[in-house]
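Heavy atoms only: backbone and side chains are in, while hydrogens, waters and symmetry mates are out. On a predicted model such as this, the values are computed, not experimentally measured, just so you know.
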Protein chains: 2
Amino acid sequence: MPPDIDTLLSGNLLLSALRLPDQSLLKPHLELKDYRRGEALFEAGEDVSFISFPLGQCVAALVIGLKDGRAVETATVGHEGAIGGVVSQGSLPAFSRAVVQVPGRVLRIEAPVLQQIKQTSPGLRNLITRYSDCLLAQVLQSVACNASHTIEARCVRWLLSLQDRLDTNVLPITHEVLAELLGVQRSYLTRTLRTLQQQGLIQVRRGRIILVSRPAMEEAACECHGAVKRHFEAVLGAVYNANGTLVSLRATAASNNSMSQAI
Amino acid sequence: MPPDIDTLLSGNLLLSALRLPDQSLLKPHLELKDYRRGEALFEAGEDVSFISFPLGQCVAALVIGLKDGRAVETATVGHEGAIGGVVSQGSLPAFSRAVVQVPGRVLRIEAPVLQQIKQTSPGLRNLITRYSDCLLAQVLQSVACNASHTIEARCVRWLLSLQDRLDTNVLPITHEVLAELLGVQRSYLTRTLRTLQQQGLIQVRRGRIILVSRPAMEEAACECHGAVKRHFEAVLGAVYNANGTLVSLRATAASNNSMSQAI
DNA sequence: GCCCGTCTGTACACTAGTGCACAAATGCCC
DNA sequence: GGGCATTTGTGCACTAGTGTACAGACGGGC
């Protein structure tokens, strides 16, 4: 039995924030797709033909490949966002690779079709603009973070931000992969994770990391996690809550105003 | 004598890439403003009310302030671009601070007015979208760069990217300021600059750094400088050249196509 | 042409993180 | 329930970069 489209839409915070008429405009064009860990949504240099909205637990990342073969993560996108031509509006070559970190499903739409619909829907335009701004904020903060913070703090930040996008405290990732994403040495990361475990923040298992104490993690993380989250709340908080449904992203405080003009 | 508006427009590559009718739409709303080194265009958290187009040699930077008082540069903007609500389209709180690195003049326009004009001008919309994508690319690359490359390589990258925006090889910057922007220790940066001087790449003077051999610098820089530049050329190359005037940004190769749909 | 604040050079002890090699453990598959 | 690939743990030598302190040099302002 094919899943109900409305149920699917509700798996992504952006899509479910749209008013019903806007949702209706999109529905006929949305396509459901399953991704496995490691699969690429698009490659650097390719024209981006689809914009994808991760559903539920699915998490993808924007990754920059370097000459020496490393591939560093630059942004994480889960059910709070969208990936693929969000800023460029499709039709331009992708600068980064998009790869699935946590497998799952996405709803995707052809970029030109989305552009078309945006012409007629201010709500959709507004929503995507707001998300673009948050995506940029996330990346800006990471530039400063990578220039300034220790691997330990960055690692904790990363774990928190993955958990924000899941609803479990068991994070499915190996040291190897995490080290690659952070752009650091695997052996050193193992030692860092050991330290965190000794401090009682996490439990390390083969292929997964279990968060034990979220408050202690937030203490140990660099400020960057909180800074980005606050920006999301300021810019998209009220939007996410607009339809009074899902209040995810583990809202810490009341969502800021500064966006009374609504969507 | 007030400077001729057309001469001013030609000082910014985005503005001068616009077709004449689009330029005419903007002209009545553009305001000329002078900035001194260190002045802020806007502060983090403020609503961004203006979008500014740096003219000639003027260079500004997006800067993220950290708790410990450091302030790391996340993006550089000169006469090839614009700064302030480029992605957010104004009307949202700024996530970063914008500060002038190299003094000069900008043409600025109120964000809501620009939004208004964008409604009626596909060329303007397209241009700003393209630039937004390049800005994002620049920042994405910096995330990976800061995670992976040595201070020496990053420093050389930074010097090159500043020179791209000036037309001189004398860069007006102190070790202190550059170290802050890169998020590194001043004393170590001094040593790094010494090394570069010994290798014959630069000359170090009080308050300025003189590039001696651009080819050697490009050799010593990390790949990031080139990667970002190629993306600018792919996405904006033909646009910058559209009016057949200024061909700046030290074009290395023929500008790529992939954007035949023009602006 | 001298003064003084700012900028640059350098020394030193120290820590964070690299790079590599290999051993040990886990857990999935049959 | 044993075998085996993958993942994790750890040892070690090394380098890059921090943090701090202070001396010296430059050059603009008077």
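Taking atom CZ on A/Arg194 and atom C1' on D/dT8, their separation rounds to 8 Å, with Å as the unit. Rounded to a whole Å, the CD atom of A/Gln185 is 12 Å from the C1' atom of C/dA21. Protein atom CG of B/Leu189 is 14 Å distant from nucleotide atom C1' of C/dT10, rounded to whole Å. Distance, A/Ile210 CD1 to C/dT26 P: 13 Å, rounded to whole Å. In this structure, CG of A/Asp68 is placed 13 Å from C1' of C/dT18, rounded to the nearest angstrom. The nearest whole Å value for the distance from the CG atom in A/Leu193 to the P atom in D/dT7 is 15 Å. Rounding to whole angstrom units, CD of residue A/Glu152 and P of C/dT18 are separated by 14 Å. Atom CZ of B/Arg208 and atom P of C/dT6 are 18 Å apart (whole Å).
In terms of modelled atom types and a separation under 3.5 Å, the side chain of B/Gln141 and the main chain of B/Gln138 share no donor-acceptor contact. When atom types are taken as modelled, the side chain of A/Ser10 and the backbone of A/Thr7 share a donor-acceptor pair closer than 3.5 angstrom.
For B/Arg186 and A/Gln197, each mapped to the nucleotide of DNA chain D holding its nearest heavy atom, the one lying further toward the 5' end belongs to A/Gln197.
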Polar atoms only, N or O, under 3.5 Å: list the protein pairs with nucleotides 12-16 of chain D and their distances.
residue, atom, partner, partner atom, Å
D/dC12, N4, A/Arg191, NH1, 3.2

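Residue-environment remark: CD (A/Glu46) exceeds the threshold of 12 foreign heavy atoms within 6.0 Å.
Look at B/Glu80 and B/Arg165 and you find a salt bridge, because one of the NZ, NE, NH1 or NH2 atoms lies within 4.0 Å of a carboxylate O, short of that distance. Ion pair A/Glu223/B/Lys67 not flagged as a salt bridge, since none of the NZ, NE, NH1 or NH2 atoms sits closer than 4.0 Å to an Asp/Glu carboxylate oxygen. Of the charged side-chain nitrogens involved, none lies within less than 4.0 Å of a carboxylate oxygen, so that A/Glu233 and A/Lys229 do not count as a salt-bridged pair.
Under the 3.5 Å distance criterion, with hydrogens and angles disregarded, a donor-acceptor pair is assigned to the side chains of B/Asp167 and B/Gln57. Checking B/Asn169 against B/Arg214 by side-chain atom types alone, no donor-acceptor pair falls below 3.5 Å. Side chain to side chain, A/Thr190 and A/Arg186 meet the donor-acceptor criterion of an N or O pair below 3.5 Å.
Donor-acceptor pairing under 3.5 Å, judged by distance alone, is present between the side chain of A/Ser187 and the base of C/dC20.
Contacts between residues 198-207 of chain B and DNA chain C, defined by a heavy-atom separation below 4.0 Å, involve B/Arg205, B/Arg206, B/Gly207, listed by number.
For A/His175, the side-chain atoms get nearest to D/dT8 when compared with the rest of C/dT8, C/dG19, D/dT8.
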